[in-house]
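Notes follow the structure.
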Amino acid sequence: MSTEATSRAGAGPSNDATAAPAVVLTEVFAPWVVLTAGSLHLGHRVGSTGWGAATAAGLGVLPQAAIAWRVRRKALSDHHVTRREDRPLVIAGIAASVATLMVAQRRRGAPVALQRMTRAALVALGVAGAATIRVKVSFHTAVLAGVVSVLARQISPGYWRLLVLVPPVAWARVRISHHTPVETALGVLIGVPCGYWSGGGIAAPPARSTAN
């Protein structure tokens with residue numbers, strides 16, 4: 001990223017009428033919120049609210065709680081981890097949480113759809129994390145696009161309509177100077193294929209025989 005883009009991405013929002021809606025969109029569609037809501041919804045749709053809640057905790061709530069704790073200790077600048085140099089360690093910590101969840105899901109027999117959600121999150125995190133070494137990828141757009149892709153594949157293609165939420169969120173991230181348009185677009189280009197293609201391929205466990 002250029003020095004000019006880095007400076008602009010690190011600046012705060014200016015005080016005009018469009019800043020407040022951008023801040024609201026940024027918080028409402030924060031990655032941890034989207035992952036939590038998506039996991040709970042998928043768990044409900046597959047008839048496993050318990051595993052939905054566990055997945056929401058592992059993908060969204062616990063990682064964000066760890067980030068908030070580090071912010072309070074002044075180890076991070078803010079809860080959106082807007083400084084690119086802070087991201088590698090945070091991404092590694094989130095990856096550990098997601099990998100632990102994935103192992104637990106596999107061993108304890110979580111619904112396949114939720115296992116696919118977790119695997120898609122881990123793959124997207126790895127791809128976006130690797131890209132972040134050079135470019136500050138928008139995790140807001142990557143996560144939103146990725147969760148929509150998982151829901152579209154696991155539940156119904158009708159969920160593709162939720163992609164209409166991505167442009168307003170991308171606008172918000174650019175508007176408050178946390179990202180450039182290229183960074184938000186790159187998030188979508190990572191989120192959609194990782195969510196769709198990584199959110200499949202785990203075989204369902206074989207049905208138990210009822211024969212005597």
Side-chain angles (χ1 to χ4, degrees), residues 25-64 90-91 93-132 137-170 173 183-205:
L25 283 169
T26 285
E27 298 301 334
V28 170
F29 292 98
W32 78 273
V33 175
V34 173
L35 285 165
T36 298
S39 299
L40 291 172
H41 180 68
L42 184 56
H44 172 71
R45 289 299 303 268
V46 301
S48 182
T49 55
W51 271 112
T55 303
L59 295 183
V61 177
L62 294 179
Q64 188 61 29
V90 171
I91 290 170
I94 296 174
S97 174
V98 176
T100 300
L101 171 64
M102 189 163 62
V103 171
Q105 287 176 326
R106 191 68 175 172
R107 290 183 175 177
R108 306 293 292 183
V112 170
L114 287 166
Q115 291 188 50
R116 290 171 175 168
M117 167 80 89
T118 302
R119 186 177 68 176
L122 187 59
V123 171
L125 184 65
V127 174
T132 296
V137 176
S138 171
F139 276 79
H140 276 70
T141 57
V143 168
L144 180 55
V147 168
V148 168
S149 300
V150 171
L151 296 178
R153 180 160 190 176
Q154 298 303 316
I155 301 176
S156 165
Y159 282 86
W160 286 120
R161 291 192 292 266
L162 293 178
L163 286 177
V164 300
L165 297 170
V166 174
V169 173
R173 300 303 287 156
E183 291 165 352
T184 59
L186 184 57
V188 178
L189 292 176
I190 290 172
V192 169
C194 287
Y196 187 80
W197 295 111
S198 300
I202 298 175

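Count residues from 1 along the sequence.
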Using a 3.5 Å distance criterion without hydrogens, assess whether the side chain of [X] forms a donor-acceptor pair with backbone atoms of [Y].
X: Thr118; Y: Leu114; value: yes
X: His140; Y: Thr26; value: yes
X: Ser48; Y: Gly43; value: no
X: Gln105; Y: Pro111; value: no
X: Thr184; Y: Ser138; value: no

Pair Leu165, Phe29 - check side chain to side chain contact (heavy atoms under 4.5 Å, CB included), show working. CA-CA 9 Å; Leu165 297 170; Phe29 292 98; 3.9 Å; yes

Could you grab the distance from atom [atom1] of [X] to atom [atom2] of [Y], nearest 0.5 Å is fine?
X: Arg116; Y: Leu42; atom1: CZ; atom2: CG; value: 10.5 Å
X: Arg108; Y: Leu101; atom1: CZ; atom2: CG; value: 13.5 Å
X: Ile190; Y: Leu125; atom1: CD1; atom2: CG; value: 10.5 Å
X: Ser149; Y: Trp197; atom1: OG; atom2: CH2; value: 11.0 Å
X: Leu40; Y: Arg45; atom1: CG; atom2: CZ; value: 14.0 Å
X: Leu151; Y: Ser156; atom1: CG; atom2: OG; value: 10.0 Å

Dump the intermediate steps for side chain to side chain contact (heavy atoms under 4.5 Å, CB included) on Tyr159 and His41, then the final yes or no. CA-CA 12 Å; Tyr159 282 86; His41 180 68; 2.6 Å; yes

Among residues at least two apart in sequence or on other chains, which ones pass side-chain hydrogen bond (donor to acceptor under 3.5 Å, both in side chains) with His44? none

Do the non-hydrogen side-chain atoms of [X] and [Y] ever get within less than 4.5 Å of each other?
X: Gln64; Y: Val33; result: no
X: Trp32; Y: Leu35; result: no
X: Phe139; Y: Ile91; result: yes
X: Gln115; Y: Met102; result: no

Quick one: closest heavy-atom pair of [X] and [Y], and the distance?
X: Val192; Y: Ala145; result: CG2-CB, 3.7 Å
X: Ser97; Y: Gly58; result: OG-O, 2.9 Å
X: Ala113; Y: Val46; result: CB-CG1, 3.8 Å

Pair Leu59, Thr36 - check side chain to side chain contact (heavy atoms under 4.5 Å, CB included), show working. CA-CA 7 Å; Leu59 295 183; Thr36 298; over 6 Å; no

Quick check on side-chain contact (heavy atoms from CB on, under 4.5 Å): which of Val147, Val150, Thr55 does Ser39 satisfy it with? Thr55

